[in-house]
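Okay, so here's the structure we're looking at.
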There are 2 protein chains.
Amino acid sequence: MARAAGVSVATVSKVINDRYGVARQTAERVREVIEELGYESSIVARSLRSHRTGLIGVLVAEFEPFSTELLKGVSAAARDSGYQLLAYSGGGTAESQVGWERRSLSRLSGTLIDGALLVTPTIVDGNYRIPVVAVDPHTGPSDLPTVDSDNLAGTRAAVGHLVDLGHRRIGFLGGRPDLESARLREEGYRRTMADAGLRVDPDLVRAGGFRMETSELPARELLGRVDRPTAIFAANDLMAIQVMRVAQSIGLRVPQDLSVVGFDNIPEAAVALPALTTIAQPLHEIGQTATQLLLAMLRGEEPPTRHVQLATRLVVRESTAPPLP
Amino acid sequence: MARAAGVSVATVSKVINDRYGVARQTAERVREVIEELGYESSIVARSLRSHRTGLIGVLVAEFEPFSTELLKGVSAAARDSGYQLLAYSGGGTAESQVGWERRSLSRLSGTLIDGALLVTPTIVDGNYRIPVVAVDPHTGPSDLPTVDSDNLAGTRAAVGHLVDLGHRRIGFLGGRPDLESARLREEGYRRTMADAGLRVDPDLVRAGGFRMETSELPARELLGRVDRPTAIFAANDLMAIQVMRVAQSIGLRVPQDLSVVGFDNIPEAAVALPALTTIAQPLHEIGQTATQLLLAMLRGEEPPTRHVQLATRLVVRESTAPPLP
DNA sequence: ACCGTTATCGACAACGTTTTCGAGATCGCT
DNA sequence: AGCGATCTCGAAAACGTTGTCGATAACGGT
């Protein structure tokens, strides 16, 4: 190997990890040879021996625009600290069952990765062999250190915005009831309404499953009523866009006849017409924070807080206006 | 280790890789113990020894919606074949310089991954140590086996659609001139115009850099003219959406006063208003095909064709109509 | 009953690192 | 000059697997 540089393998190893105990000029010479030969030490062998790889694993349930933005933040933070990223996706329907991440992790955590970020909607508790941080899980509280955004406060901002505009009859289109995020957004809606002294009409609350296809019908139900709401808060942008479509298809003008607010601030929200008022999640920041948390754990520090919640931001665009008198 | 199962490590290894030379019932027993102990063999050690890991690496320049869809196809194909995916992203601006994928690859290909997929706009030729397939590179011809979509035919379909509708003055908003894909789309535009016996007015050709921000100005230039075109073909959807915005901002109606066609069929295209007519790239299929190509190479087969081009599809929505008489 | 063949299994080396520890060299001090 | 302290380096073990090969047992044929 690089012992053709005149020294032993041990010395080379010391130079690479710049350990104490190797002479100035020897190190210099070894470095030169390394450079010259374009030598890269094998992660695999290092891992086998020292259980440290400089790789952090990111388990993504499925690659989608949502996780994508998160990954950018993770990527940036990891790079700053010298760690490399290893995204890992079960990717499929069948495999994304509960326990998938457990199995993946146990296989990888053998030695391949130093720590892991779980970017999966449903996470499984348990003591993993390596540091693990859950990123924006949609499920309930967990043993794992977690980073997500403040769904409750976000929802309050959204509904509050509608209230401030003067809306009284505000409808709600919910997400998948099995996910914590959906539950929180409904709770936020109800609380804000209550705080404003407004009654929640049960007929104005529907579930749309977080997806476009499944929210057309409930949207029609909400808007078809004679006493239809003057504003609708949808638990995510996809459903909000569907609401605007349905509204326009039955002759309602947005925002004059109907105000719509979404949640997530996906790219589509900006180009929709009218552009959608929504709650932006700091995805980039979430990814970044989660990574920093993980890195701290890798350094052996106990994280100051096990659960970080980041603030959301209200993005006012064109889909909201005061109700017609 | 699992020699607590009463046999030697060698035998366990043989059972796991079900090799010839181990008795029926011994194998059975070992398998039971493995199951019971939830034992997972270390990829790392296996890799070090046998240079085969069952992992294929995917190098992504940056996680973005575009690569995301590709990854899904890759993911599906890999799963079907028992291979696991390892996405790897330089992620950043600085590192995504030329040569980044080379370095990453040389580090990983040591032994960690059996083969690699390059999902990067600019690819670097060279003999890698492991099988490599380039996926949808935007650069020119290469030594590497490549899978991408037929930019030329796609463009012809787009411009042909406008011609068929009766448009004569058709403008073109191009991409980044340094990328092969942009070059091909311009060439397709020019050829289709020529085939239809139409003259290309040099004043009707602008470059928008593939991005929204950089295409507002050229869009204004195109539409501000007294003899403005009745239709514009933009080299990607982002620019097409920008064109529609600019048009609407200066009082033009789409599609009555101006028809617009894009390229890519990103999610935003469907929700834009009017919904954008565009050319859909078979991203999922590209990912799938590339993976199958790679798998064939891993099996030692020489791929039948080194360059696969997949057909695009014209998606007619609401942004195109015959020109006003 | 003996020998050759086959089936089954384990000992051992190897993969490329990191880490420990001891040997030799150098240096400084008395 | 002698001795201890310090510095520099390399030999060797270890990480967990796989592949080779030899040993032993079982078996079948004459």
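Quick caveat, the model's predicted, so the values are computed rather than measured. A, B, ... follow the sequence lines: proteins, then strands. Residue 1 opens every chain.
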Quickly work out the [X] [atom1] to [N] [atom2] distance and round it to whole Å.
X      : N      : atom1 : atom2 : result
A:N17  : C:dT18 : CG    : C1'   : 8 Å
A:I16  : C:dG16 : CD1   : C1'   : 11 Å
A:R52  : C:dT19 : CZ    : C1'   : 15 Å
B:R24  : C:dT6  : CZ    : P     : 20 Å
A:L112 : D:dG16 : CG    : P     : 14 Å
B:E28  : C:dC9  : CD    : P     : 13 Å
A:H51  : D:dA14 : NE2   : P     : 14 Å

Looking at D:dT18, does its base get a donor-acceptor pair with the side chain of B:R49 below 3.5 Å?
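Indeed, a donor on one side and an acceptor on the other fall under 3.5 Å apart.
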Is any side-chain N or O of [X] closer than 4.0 Å to OP1 or OP2 of [N]?
X     : N      : result
A:R19 : C:dT19 : yes
A:T11 : D:dG10 : yes
A:S50 : C:dT18 : no
A:Y20 : D:dT6  : no
B:S42 : D:dG16 : no

Can you tell me which nucleotide in [options] comes closest to the side chain of [X]?
X     : options                : answer
A:A23 : D:dG16, D:dT8, C:dT8   : D:dT8
B:A10 : C:dA11, C:dT18, C:dG16 : C:dA11
B:T26 : D:dT17, C:dC9, D:dC9   : C:dC9

Between the side chains of A:E180 and A:R183, is the shortest nitrogen-to-carboxylate-oxygen separation below 4.0 Å, so that they form an ion pair?
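Between A:E180 and A:R183 there is a salt bridge, with a charged N closer than 4.0 Å to a carboxylate O.
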Just by distance, no angles: are the side chains of B:D114 and B:T53 close enough, under 3.5 Å, to form a donor-acceptor pair?
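Looking only at side-chain atoms, B:T53 and B:D114 do form a donor-acceptor pair, the distance falling under 3.5 Å.
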Strictly by modelled atom types, are B:Q281 and B:S149 linked by a side-chain donor-acceptor pair under 3.5 Å?
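Distance-only check passes for B:Q281 and B:S149.
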Among B:L294, B:I113, B:T291, B:V119, which residue meets the side-chain contact (heavy atoms from CB on, under 4.5 Å) test with B:V58?
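Going through the options one by one, the only one that passes is B:V119.
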Which part of the nucleic acid, if any, lies within contact of B:S13, taking any heavy atom under 4.0 Å across all strands shown: a base, the sugar-phosphate backbone alone, or nothing?
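Touches a base.
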A:S47 near the nucleic acid: base, sugar-phosphate alone, or nothing, with a heavy-atom cut-off under 4.0 Å?
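A:S47: no heavy atom of the nucleic acid under 4.0 Å.
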Using heavy atoms to find the nearest nucleotide of DNA chain C for A:R46 and B:L48 separately, return the residue whose nucleotide is more 5′.
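Checking each residue's closest nucleotide, the 5'-ward one belongs to B:L48.
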Would you kindly compare B:K14 and B:A45 by the position of their nearest DNA chain C nucleotide and give the one closer to the 5′ end?
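Upstream on the strand: B:K14.
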What distance separates B:D148 CG from B:L283 CG, expressed to the nearest 0.5 Å?
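Taking CG in B:D148 and CG in B:L283, the distance rounds to 11.5 Å.
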